[in-house]
Enquirer: 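Below: one structure in structure tokens.
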2 protein chains.
Amino acid sequence: MLDADQTTELAELFRLLGEPNRLGIVASCLEGPLSVGEITSRLALSQSLVSHHLRLLRAARLLKAGKRGKQVFYSIPDCHVREMLTNMIEHLIEPHESEDDINNEPGVRSWP
Amino acid sequence: MLDADQTTELAELFRLLGEPNRLGIVASCLEGPLSVGEITSRLALSQSLVSHHLRLLRAARLLKAGKRGKQVFYSIPDCHVREMLTNMIEHLIEPHESEDDINNEPGVRSWP
DNA sequence: CCTACCCGTGAACACGTATTCATATGTCAC
DNA sequence: GTGACATATGAATACGTGTTCACGGGTAGG
């Protein structure tokens, strides 16, 4: 299916999105370019923390940066990332299935 | 866009998939149900480690378990998870875009 | 020049967690 | 029953990493 390298590469993307504040930063930028200050105030995080996270997201090409005057604006770099995220969000929003079947019925037939 | 709770919930999914061994386990199960022993030998991991990871994936409904005799088979629980993963994998496989697409904003000074 | 503002960065700490080891539970065969 | 196999679980440890703090580096305006 996936070789070890591809798995590691994909896991790295998931890992970066697996932190609530980082995911919030990326999700905020889905609507359009945002300056660091806007991100900081929207998510109510310290500016330093936002900057640290932005560094990682930039390095992974999950966000791109552009300077205008004193401010630096961050945005989604390409349609791949945008589609990935919107797909995941759609899946999250869609109605959830029924509850858990934690109880283990003996002789359960999963489709072999 | 996403409220705090949804962000946290989605991040939790990403976090679980953000570990290479766990992602490998889930990806292996994309082809069909696998027993713990098969997963263990395919990924060359210790049985204990696989079991620990399976516990987390089960709890997050990223995998479901079914017993048959002595063995326990794990598989993808619903089409949501399957589509999410296949989409991500497709995006990973697809040819990567060119490097630097600079400014789409007027008056943006180039980024060094 | 100086000041104010916006952002990036390095060090240090605190906390989570992935991994291993040892052990427990459960199931089939004899 | 005993033993062999398949999986789950709990404790302990080592390692990564998210966060804060303090500071440095640019840039616009007076």
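Chain letters run A, B, ... following the sequence lines, proteins first, then strands; residues in each count from 1.
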Enquirer: Any side-chain N or O of B:Ser46 below 4.0 angstrom from OP1/OP2 of C:dT20?
Expert: yes
Enquirer: Whole angstroms only, please: what is the CD1-C1' distance between B:Ile25 and C:dA18?
Expert: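 Distance, rounded to whole Å: 12 Å.
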Enquirer: Would you mind reading off the distance between A:Leu43 atom CG and D:dG18 atom P, rounded to a whole angstrom?
Expert: 16 Å
Enquirer: For residues 15-35 of chain A, which residue pairs pass the salt bridge (charged side-chain N to carboxylate O under 4.0 Å, His left out) check, not counting sequence neighbours?
Expert: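 Residue pairs with at least one partner in residues 15-35 of chain A: A:Glu12-A:Arg15, A:Glu31-A:Arg42.
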Enquirer: Looking only at the side chain of B:Lys67 (C-beta and beyond, no hydrogens), which of the listed nucleotides C:dT27, C:dT9, C:dC6 gets closest?
Expert: C:dT27
Enquirer: Does a side-chain heavy-atom distance below 4.5 Å link B:Leu30 with A:Leu2?
Expert: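 Heavy-atom side-chain distance check fails, nothing below 4.5 Å.
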Enquirer: Please state how far atom CG in B:Leu57 lies from atom P in C:dA18, giving the value in whole angstrom units.
Expert: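 Rounded to whole Å, this separation is 10 Å.
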Enquirer: Just distance, no hydrogens or angles: give the donor-acceptor pairs under 3.5 Å from side chains in residues 47-60 of chain B, sequence neighbours left out.
Expert:
{"residue": "B:Arg58", "atom": "NE", "partner": "B:Tyr74", "partner atom": "OH", "Å": "3.4"}

Enquirer: When the distance from CZ of A:Phe14 to P of D:dT17 is rounded to whole Å, what number comes out?
Expert: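 These atoms are roughly 17 Å apart.
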Enquirer: Rounded to whole Å, how long is the line connecting atom CZ of A:Arg68 with atom C1' of D:dG26?
Expert: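 Computing the A:Arg68:CZ to D:dG26:C1' distance gives 18 Å.
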Enquirer: Reckon B:Arg55 has a side-chain N or O less than 4.0 Å from the OP1 or OP2 of D:dG10?
Expert: yes
Enquirer: Looking at A:Arg15, does any N or O in its side chain come under 4.0 Å of the phosphate oxygens OP1/OP2 on C:dA18?
Expert: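 For C:dA18, OP1/OP2 do not have a side-chain N/O of A:Arg15 under 4.0 Å.
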Enquirer: Is any side-chain N or O of B:His52 closer than 4.0 Å to OP1 or OP2 of C:dT20?
Expert: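 Checking C:dT20 against B:His52, no side-chain N or O comes under 4.0 Å of OP1 or OP2.
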Enquirer: Determine whether a donor-acceptor pair (one donor, one acceptor, N or O, separation below 3.5 Å) exists between the side chain of A:Ser48 and the base of D:dT19.
Expert: no
Enquirer: Report yes if some heavy atom in the side chain of B:Leu85 is under 4.5 Å from a heavy atom in the side chain of B:Leu17; otherwise report no.
Expert: yes
Enquirer: Calculate, to the nearest 0.5 Å, the distance between atoms OG1 and CG belonging to A:Thr8 and B:Asn21 respectively.
Expert: 8.5 Å
Enquirer: Please report, rounded to the nearest Å, how far the P atom of C:dC5 is from the CD atom of A:Glu38.
Expert: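 It is 17 Å, rounded to the nearest whole Å.
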Enquirer: Without decimals, in angstroms, what is the distance between B:Phe73 CZ and D:dA8 P?
Expert: 12 Å
Enquirer: When the distance from CD of B:Gln71 to P of C:dC28 is rounded to whole Å, what number comes out?
Expert: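 The answer, rounded to whole Å, is 11 Å.
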Enquirer: Respond yes when some side-chain nitrogen or oxygen of B:Asn21 is under 4.0 Å from OP1 or OP2 of C:dT19, and no when none is.
Expert: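 So the side chain of B:Asn21 is within the cut-off, an N or O lying under 4.0 Å from OP1 or OP2 of C:dT19.
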Enquirer: Which nucleotide sits closest to the side chain of B:Ser35: C:dC7, D:dT7, D:dG18?
Expert: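 When the side chain of B:Ser35 is considered, D:dT7 is the closest of C:dC7, D:dT7, D:dG18.
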Enquirer: Indicate, with a heavy-atom threshold strictly under 4.0 Å, whether A:Gln47 touches base, sugar-phosphate, or nothing.
Expert: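 Counting heavy atoms under 4.0 Å across all strands, the contact made by A:Gln47 includes a base.
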Enquirer: On DNA chain D, check which nucleotide each of A:Leu49 and A:Lys70 is closest to and give me the residue with the more 5' one.
Expert: A:Leu49
Enquirer: If you compare every side-chain N and O of A:Tyr74 against the phosphate oxygens of C:dC6 (OP1, OP2), does one of them come in below 4.0 Å?
Expert: no
